[in-house]
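Scope of the values below: all heavy atoms of this structure, side chains included, with no hydrogens, waters or symmetry mates. If you read the sequence from its start, that first residue is 1, and numbering goes on from there.
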Amino acid sequence: MTSRPLRIVLVRPRNPINIGACARAMANFGLTELRLIAPRDGWPSDRARAAAAGADAIIDAATVYPSLDEAVADLNFLLATTARPRGMVKPVLTLEGAARELAARGGKGERIGIMFGPERSGLDND
């Protein structure tokens, strides 16, 4: 399996079925590298594999990390996702702006990723 420039990082995923659904969505878009940070129910997971619906290669290659720092240490650029305003002084990109930024950086050969937080709470402000 060859890796595309975009990595998907799931922080403390709670439900293995969501990990499998993520892998299935990644396969639909040709993405191959899934990084998991401290999945609640451990890894590997038969439930995640079943939900992946054919994206077994992504499930098999998924890498587990104990911390965010270790999971993203090799990346040049990481987008953090959120569904709510946070009142923080950080750049905020629209979907289109994020896509342009990722495409530009990936086109230059940078190691890029998109990070998603736990299903219930999302990412911490830190």
Side-chain angles (χ1 to χ4, degrees):
M1 175 180 355
T2 58
S3 181
R4 292 283 184 101
L6 181 63
R7 286 88 182 152
I8 301 298
V9 180
L10 302 182
V11 179
R12 297 183 315 278
R14 298 175 49 88
N15 188 334
I17 293 172
N18 290 340
I19 298 170
C22 178
R24 185 177 67 235
M26 289 174 63
N28 287 338
F29 291 95
L31 303 176
T32 59
E33 191 172 330
L34 177 60
R35 299 178 182 196
L36 307 172
I37 302 169
R40 181 185 72 177
D41 293 340
W43 194 258
S45 168
D46 291 336
R47 291 175 62 206
R49 179 176 299 287
D56 292 345
I58 294 170
I59 293 292
D60 292 340
T63 311
V64 177
Y65 296 86
S67 72
L68 174 62
D69 288 343
E70 291 172 89
V72 302
D74 65 325
L75 300 183
N76 303 105
F77 184 74
L78 180 66
L79 282 179
T81 60
T82 185
R84 61 187 184 275
R86 299 204 179 225
M88 299 172 68
V89 182
K90 293 189 178 190
V92 176
L93 301 172
T94 64
L95 179 60
E96 294 81 7
R100 279 192 299 276
E101 185 74 23
L102 290 169
R105 289 175 178 268
K108 294 178 193 173
E110 290 186 31
R111 296 179 61 82
I112 57 176
I114 301 177
M115 178 173 56
F116 298 90
E119 296 92 331
R120 287 187 133 180
S121 60
L123 293 167
D124 298 334
N125 285 346
D126 293 339

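- Heavy-atom minimum distance, Pro66 versus Ala38: O-CB, 4.3 Å.
- The hydrophobic clustering, which links ILVMFWY residues whose side-chain heavy atoms are closer than 4.5 Å, places Val64 and Phe116 together.
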Exercise for the section: Give the intermediate values and the outcome of side chain to side chain contact (heavy atoms under 4.5 Å, CB included) for residues Arg47 and Asn15. Expected result: CA-CA 9 Å; Arg47 291 175 62 206; Asn15 188 334; 3.7 Å; yes

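- Interatomic distance, Leu102 CG to Leu93 CG, rounded to the nearest 0.5 Å: 8.5 Å.
- By the side-chain contact (heavy atoms from CB on, under 4.5 Å) test, Glu110 pairs with Asn76, Phe77, Arg105, Lys108, Ile112, sequence neighbours left out.
- Arg24 and Ala51 make their closest contact through NH1-O, 2.7 Å (heavy atoms, listed as atom of the first residue, atom of the second, distance).
- Note that CE of Met26 and CZ of Arg7 are 10.0 Å apart. Values are rounded to the nearest 0.5 Å.
- Atom CG of Leu10 is separated from atom CG of Asn18 by 9.0 Å, given to the nearest 0.5 angstrom.
- Note that CD1 of Ile37 is 9.5 Å distant from CD of Glu70, once rounded to the nearest 0.5 Å.
- Contact annotation: the side chain of Glu101 never approaches that of Leu79 to less than 4.5 Å [non-hydrogen atoms, C-beta and beyond].
- Closest heavy-atom contact between Ala27 and Ile58: N-CD1, 3.6 Å.
- Taking each heavy atom of Cys22 and Leu34 in turn, the nearest pair found is SG-CD1, 4.2 Å.
- Put simply, CG on Leu31 and CD1 on Ile8 are 5.5 Å apart, with the number rounded to the nearest 0.5 Å.
- Residues Ile114 and Leu36 fall within the same hydrophobic cluster, defined by Ile, Leu, Val, Met, Phe, Trp and Tyr side chains chained together at heavy-atom separations under 4.5 Å.
- In this structure, Pro44 and Ile59 have side chains that are not in contact, with every pair of non-hydrogen atoms separated by 4.5 Å or more.
- By the side chain to side chain donor-acceptor pair (under 3.5 Å) test, Asp60 is found to be paired with Arg49, residues two or more places apart in sequence or in another chain being considered.
- A search for salt bridge (charged side-chain N to carboxylate O under 4.0 Å, His left out) contacts involving Asp74 returns Arg35, Arg111, not counting sequence neighbours.
- Here the straight-line distance linking atom CG of Leu6 with atom OG1 of Thr32 works out to 9.5 Å at 0.5 Å rounding.
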